[in-house]
Asks: 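The structure under discussion is supplied below as structure tokens; questions concerning it will follow.
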Number of protein chains: 2
Amino acid sequence: MPKRLSGDGNPQTGSARMRDVAARAGVSTMTVSRALNEPGKVSEEMRERVLRAVREIGYLPNHLAGSLSSNRSTTIGLIVPSIDNSIYTQTVKGLSEVLKRSGFQLMIAESGYDPNEEEELITIFLSQRVSGLVLHSTEHTPQAAEKIRKSGIPVVENGNIPEEPLDMVVSFSNREASYAMTMHLGRLGYRKIAFASLYSVHNDRSQDRLQGYHAALNQLGLDPDPRIVLETERGLAAGAEVMARVVQSVPEVDALFCAGDVLAVGALFECQKRGWPVPGRIALASFDDVDLLRHVSPSVSTLRLPRYDIGERTARILLSRIIDGAEHLRGSVIDLKFELIQREST
Amino acid sequence: MPKRLSGDGNPQTGSARMRDVAARAGVSTMTVSRALNEPGKVSEEMRERVLRAVREIGYLPNHLAGSLSSNRSTTIGLIVPSIDNSIYTQTVKGLSEVLKRSGFQLMIAESGYDPNEEEELITIFLSQRVSGLVLHSTEHTPQAAEKIRKSGIPVVENGNIPEEPLDMVVSFSNREASYAMTMHLGRLGYRKIAFASLYSVHNDRSQDRLQGYHAALNQLGLDPDPRIVLETERGLAAGAEVMARVVQSVPEVDALFCAGDVLAVGALFECQKRGWPVPGRIALASFDDVDLLRHVSPSVSTLRLPRYDIGERTARILLSRIIDGAEHLRGSVIDLKFELIQREST
DNA sequence: AATTTTGTTGTTACCGCTACCAAAACCGAG
DNA sequence: CTCGGTTTTGGTAGCGGTAACAACAAAATT
């Protein structure tokens with residue numbers, strides 16, 4: 001007795017299989033398969049006959065079976081540190097829109113800024129036989145790197161431009177962006193530039209931003225001062241706290257560069273609350289061009305980062321590798337440029 | 001001749017299959033399968049022998065094959081109107097965290113507020129044999145509903161509480177939330193309460209919010225005035241524009257309820273820019289408790305919506321259905337309550 | 001000691017589809 | 001009308017696993 005008795009005429013029960021369609025259309029399953037996946041390889045008449053049968057039966061292809069058999073999948077795995085971080089969403093959108101057009105699906109998981117967690121997720125994704133991988137972080141365990149290498153699937157890193165990429169990279173340089181903004185502040189005449197970023201453990205983006213800041217200070221001939229370099233957590237409250245702390249502990253500070261999520265907005269609110277004129281008492285610069293920064297008063301100088309483009313280009317290059325087998329793209333590093341936006345706060 | 005010649009000792013080439021592990025451990029594939037998936041059903045000795053072989057070969061199970069064979073998958077499909085909308089991210093996080101714990105994966109796609117697009121995505125997800133579906137929208141094409149019903153997989157809607165759910169619902173009531181805030185404004189003594197929401201075509205959340213507003217006006221004995229009911233797009237600029245427009249066209253307005261994304265913040269900035277005291281000249285209320293609203297000055301009254309909880313509960317109830325086969329949960333409607341937060345702006 | 005129960009491992013037949021190759025149908029040229 | 005070449009279609013053997021059941025040994029029962 002068969003495991004399951006399909007083939008009963010009842011369209012309610014279970015889902016039809018390709019052989020049911022084939023039977024109905026009076027052709028072989030191969031013809032059905034071709035009519036659906038390579039319509040060009042089938043005569044017009046057959047195609048219509050098959051499609052009609054598909055419609056009549058309400059057949060839904062089993063993509064799992066197809067992938068297994070053809071050893072191809074249309075799934076891309078994406079690992080971000082944290083889903084609720086608004087800065088990723090633009091990238092995800094760019095990715096998603098391009099992938100969708102080619103019939104690819106996105107699987108998303110969050111690593112919580114932990115390389116071990118990331119490794120585990122990579123393992124799961126490989127096990128799901130994703131055909132490509134997108135990693136926001138550029139810090140990985142050696143085992144993760146090895147697994148990826150061994151799997152042979154294309155990977156894009158896109159949170160930063162690492163020294164030793166796993167494979168392809170689509171990003172801007174956090175270091176350069178940070179350098180550029182710090183130089184900008186220096187050129188505007190600010191001499192005591194404080195720097196606030198997110199915690200840099202397991203976060204090479206933060207580390208690179210700090211490096212860029214220091215490189216610029218050096219270039220500007222300014223002495224670094226550890227008292228005005230702060231690491232904090234994400235969020236408005238953290239930004240406010242940083243502003244208050246730095247101004248009170250080192251009064252000669254004349255600028256604060258917030259190189260992390262919405263810290264600048266929190267910092268600005270704190271100034272407003274305390275009555276510190278911006279940029280009169282202290283100038284303020286931010287790292288990411290969230291909509292908000294343009295609308296607050298004073299509007300905040302910042303860096304416009306190509307978040308959406310990163311997603312788009314990532315998807316494109318990944319698809320080239322997967323669909324066209326463009327092996328010459330292996331190891332490509334695409335450095336998308338950022339833009340410095342001078343506003344009222346500096 | 002076999003399609004592929006695995007079994008060569010080279011660990012670089014391709015990926016090992018279960019039979020390779022079996023051969024290495026000197027057992028059958030079933031034992032390997034059991035050792036990995038139902039460790040309890042295998043003797044300790046065997047388990048270790050198998051796990052060692054797995055490690056030595058660097059075997060990675062093929063989840064696709066497993067799903068096909070067992071007719072079970074560990075993938076949940078999620079369709080949101082737009083990924084870059086910050087209000088969904090909390091829900092996604094809740095979902096993701098619970099699912100991950102049970103070894104389930106999340107596939108995310110965006111429908112762009114279009115039911116036809118949604119239907120297409122549903123078809124794709126069903127074709128991928130997801131074992132559950134989460135839909136933010138509660139407006140679907142009849143075909144989409146039919147396909148879902150036919151597939152038999154559990155579904156959760158969670159953007160609103162619809163009149164006729166597809167299956168399960170985990171949400172708060174947009175109508176009640178909107179009603180509550182409008183009543184709140186009325187009780188505080190505001191008599192000419194303007195209402196701004198997002199476009200309501202294909203957006204039953206917006207429609208319900210509008211209804212709640214009208215119901216409250218009615219209850220308060222206030223006459224509705226179409227001049228002060230506005231629909232606009234998302235964003236700070238839109239909020240600013242609404243505020244300017246409504247105050248200038250109908251000066252007797254004494255409150256504005258922004259029932260949509262960050263509109264309130266834009267509206268508040270506009271007041272600050274124009275020098276209109278809030279709530280002195282006009283009171284301001286918002287719909288969603290984004291962090292920002294607590295930190296601006298004046299802080300903005302709003303509704304705290306259980307975004308994260310929705311994700312969490314959604315995942316839980318879905319897993320109950322999938323793993324435990326809890327059929328009694330079919331059709332459950334979970335109404336998670338919101339909270340009204342009175343702040344300085346009203 | 002014979003019989004039943006329990007626990008562990010193996011055998012076989014698929015899951016639903018596609019790659020590969022063979023067969024058939026078509027088609028204009030000689 | 002036949003022939004080689006070019007579509008178009010079909011048969012078959014997997015893809016890499018798991019369900020279901022069979023087989024066997026050890027433990028428990030009578």
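What you see below is based on every heavy atom in this structure, not just the backbone, and it leaves out hydrogens, waters and symmetry mates. Naming: A, B, ... by sequence-line order, numbering from 1 per chain.
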Asks: Would you mind reading off the distance between A:Leu68 atom CG and C:dC15 atom P, rounded to a whole angstrom?
Replies: 13 Å
Asks: For DNA chain D, whose closest nucleotide is more 5', that of B:Arg34 or that of B:Ala65?
Replies: B:Ala65
Asks: Which part of the nucleic acid does A:Val42 contact within heavy-atom distance under 4.0 Å: base, sugar-phosphate only, or nothing?
Replies: sugar-phosphate
Asks: Taking for each residue the nucleotide of DNA chain C bearing the nearest heavy atom, is the 5' side occupied by A:Ser67 or by A:Arg19?
Replies: A:Arg19
Asks: Indicate the atoms forming the closest heavy-atom contact of A:Ile83 with A:Thr89, along with that distance.
Replies: O-CG2, 4.5 Å
Asks: What's the closest nucleotide to the B:Ser43 side chain, out of D:dA19, C:dG16, C:dT8?
Replies: C:dT8
Asks: Given D:dT9, C:dG10, D:dT18, identify the nucleotide with an atom nearest to the side chain of A:Thr31.
Replies: D:dT9
Asks: Quick one: which of C:dT18, D:dT9, C:dT9 gets closest to the side chain of A:Met18?
Replies: C:dT18
Asks: Give a yes/no on whether any side-chain N or O of A:Asn62 is located under 4.0 angstrom from OP1 or OP2 of C:dC15.
Replies: no
Asks: C:dA19, D:dT18, D:dG11: which one has an atom nearest the side-chain heavy atoms of B:Met30?
Replies: D:dT18
Asks: Given C:dC15, C:dT9, D:dG17, identify the nucleotide with an atom nearest to the side chain of A:Arg17.
Replies: C:dC15
Asks: Write down the distance between CG (B:Leu64) and C1' (D:dC15), rounded to a whole number of angstrom.
Replies: 10 Å
Asks: Measure from CG on B:Leu36 to P on D:dT18 and round the result to the nearest Å.
Replies: 8 Å
Asks: Could you state the atom-to-atom distance from NZ of B:Lys41 to C1' of D:dC21 in whole Å?
Replies: 13 Å
Asks: For B:Arg72, report the nucleic acid contact type (base, sugar-phosphate, nothing); a contact means any heavy atom under 4.0 Å.
Replies: sugar-phosphate
Asks: Please report, rounded to the nearest Å, how far the P atom of D:dT7 is from the CD atom of A:Glu44.
Replies: 17 Å
Asks: Is B:Glu110 salt-bridged to A:Lys100, going by a charged N under 4.0 Å from an acidic O?
Replies: no
Asks: Examine C:dT18: is either OP1 or OP2 under 4.0 Å from a nitrogen or oxygen in the side chain of A:Ser33? Give yes or no.
Replies: yes
Asks: Any N or O donor-acceptor pair linking the side chain of A:Thr29 to the base of D:dG10 at under 3.5 Å?
Replies: no
Asks: Find the distance B:Glu38:CD to C:dT9:C1' and express it as a whole number of Å.
Replies: 13 Å
Asks: Measure from CG on B:Asp20 to P on D:dG16 and round the result to the nearest Å.
Replies: 9 Å
Asks: So, does B:Ser69 get its side chain near the phosphate of D:dG17, meaning an N or O under 4.0 Å from OP1 or OP2?
Replies: no
Asks: Write down the distance between CG (B:Asn71) and C1' (C:dG16), rounded to a whole number of angstrom.
Replies: 10 Å
Asks: Does C:dT18 have OP1 or OP2 sitting under 4.0 Å from an N or O in the side chain of A:Ser70?
Replies: no
Asks: Charged N to carboxylate O under 4.0 angstrom, B:Glu312 versus B:Arg316?
Replies: yes
Asks: To the nearest 0.5 angstrom, please state how far the CG atom of A:Leu36 sits from the OH atom of A:Tyr59.
Replies: 6.5 Å
Asks: If you look at every heavy atom in A:Pro115 and A:His202, which pair is closest and at what distance?
Replies: CD-ND1, 3.6 Å
Asks: Is there side-chain contact between A:Arg34 and A:Met46, with at least one heavy-atom pair below 4.5 Å?
Replies: no
